Amino acid sequence: MGGRHSRNKGHAFEREVAKEAGRRLGFKDGEIRRTLQSRGGSSEGSDISIAGHFAIECKRYKEVRGLPVRALRQAERDAKPGQIPIAICKGDREDAIVVMRYDDFWDMVQENRERGE
């Protein structure tokens with residue numbers, strides 16, 4: 001698979017994740033945004049930012065293997081202060097997986113519980 005095909009596959013996955021976040025979570029326009037980097041720019045930042053709370057790195061490859069840990073490290077590098085870094089990875093013919101730090105998971109669960117969700 002050539003570089004352009006791989007890049008297009010990755011960008012399509014980013015769009016899919018952003019659309020799903022809006023559909024499932026009800027975020028409004030502007031609360032979910034793909035970064036300049038994800039559109040071929042040179043800016044640092046995660047692929048997707050959701051309401052300033054989450055820095056999401058999306059990876060779409062033929063095989064996932066050790067990719068989730070590397071993707072999470074990249075999300076951690078790109079996250080702004082106060083954002084929870086998350087990696088979403090998908091291999092061909094596989095379900096997508098979500099990877100985040102253990103403490104971030106529990107913080108997120110606690111926050112949702114406090115809001116009564």
Side-chain angles (χ1 to χ4, degrees):
M1 174 171 15
R4 178 179 289 171
H5 181 19
S6 294
R7 189 171 42 257
N8 290 342
K9 184 171 154 179
H11 288 198
F13 185 54
E14 290 169 14
R15 287 189 297 274
E16 177 186 332
V17 169
K19 182 178 178 180
E20 192 72 7
R23 186 182 73 76
R24 288 183 181 243
L25 304 174
F27 285 110
K28 297 174 178 58
D29 288 343
E31 291 182 302
I32 300 172
R33 64 180 191 80
R34 292 178 61 222
T35 62
L36 178 64
Q37 179 183 20
S38 70
R39 295 188 309 265
S42 59
S43 174
E44 292 295 316
S46 56
D47 292 332
I48 299 171
S49 176
I50 299 180
H53 299 291
F54 302 98
I56 300 177
E57 190 62 37
C58 298
K59 298 293 182 186
R60 177 73 166 81
Y61 285 97
K62 183 175 182 176
E63 295 181 53
V64 174
R65 294 190 194 180
L67 181 63
V69 172
R70 291 192 312 271
L72 181 59
R73 288 182 184 143
Q74 183 176 349
E76 289 171 338
R77 281 192 311 268
D78 294 342
K80 294 181 173 95
Q83 287 186 316
I84 295 175
I86 297 172
I88 301 177
C89 304
K90 183 173 180 353
D92 287 351
R93 294 174 295 284
E94 294 181 14
D95 291 335
I97 62 170
V98 176
V99 181
M100 62 191 309
R101 293 289 173 193
Y102 186 76
D103 287 340
D104 288 339
F105 171 76
W106 291 116
D107 290 345
M108 190 172 66
V109 169
Q110 180 64 35
E111 181 179 320
N112 286 340
R113 185 167 185 214
E114 289 170 358
R115 288 191 312 215
E117 297 177 0

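Source: prediction; values computed, not measured. Start at 1 with the first residue, then count along the sequence.
- Applying the 4.5 Å side-chain rule to ILVMFWY residues, one finds that Val69 remains a lone member of its cluster.
- Taking CG of Asp103 as the start and CE of Met108 as the end, the distance is 12.5 Å to the nearest 0.5 Å.
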Dump the intermediate steps for salt bridge (charged side-chain N to carboxylate O under 4.0 Å, His left out) on Glu14 and Arg60, then the final yes or no. CA-CA 9 Å; Glu14 290 169 14; Arg60 177 73 166 81; over 6 Å; no
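- Contact check for Arg70 versus Gln74: no side-chain heavy atoms found under the 4.5 Å cut-off.
- Linking Ile, Leu, Val, Met, Phe, Trp and Tyr whenever their side-chain heavy atoms come within less than 4.5 Å leaves Ile86 and Leu67 in two separate clusters.
- Nearest heavy atom pair, residue Asp78 against residue Ser46, reads CB-N, 3.5 Å.
- Taking all atoms of both residues into account, the shortest heavy-atom contact from Pro68 to Ala87 is O-CB, 4.1 Å.
- Partner Ile84 forms a side-chain contact (heavy atoms from CB on, under 4.5 Å) with one of Glu111, Met100, Glu76 and no other, that one being Met100.
- Annotation: side chain to side chain donor-acceptor pair (under 3.5 Å) contacts of Arg15 (sequence neighbours excluded): none.
- For Ala51, the side-chain contact (heavy atoms from CB on, under 4.5 Å) partners at least two apart in sequence or on another chain are Phe27, Glu31, His53.
- Judged by distance alone, with hydrogens and angles left aside, the side-chain atoms of Asp47 form a donor-acceptor pair with the main-chain N or O of Cys58 at under 3.5 Å.
- Ionic pairing of Glu57 and Lys59 is present here: one or more N-O contacts between side-chain nitrogen and carboxylate oxygen are shorter than 4.0 angstrom.
- Leu72 and Val98 are members of different hydrophobic clusters when ILVMFWY side chains are connected at heavy-atom separations under 4.5 Å.
- For Ala75 against Ala55, the heavy-atom pair with the smallest separation is CB-O, 4.0 Å.
- Expressed to the nearest 0.5 Å, how far CD1 of Ile88 lies from CD of Glu20 amounts to 9.5 Å.
- Considering every non-hydrogen atom in both Gln83 and Phe54, the closest pair reads NE2-O, 3.6 Å.
- Formation of a donor-acceptor pair under 3.5 Å by the Lys90 side chain with backbone atoms of Glu94 is found in this model.
- With hydrophobic clusters built from ILVMFWY side chains whose heavy atoms lie under 4.5 angstrom apart, Val109 does not share a cluster with Ile97.
- The heavy-atom pair separating Val64 from Cys89 by the smallest distance is CG1-CB, 4.3 Å.
- The hydrophobic clustering, which links ILVMFWY residues whose side-chain heavy atoms are closer than 4.5 Å, places Val99 and Tyr102 apart.
- When all heavy atoms of Ala18 and Ile48 are compared, the closest pair comes out as N-CD1, 3.8 Å.
- Using a 4.0 Å cut-off between a side-chain N of Lys or Arg and a carboxylate O of Asp or Glu, Lys19 and Glu16 do not qualify as a salt bridge.
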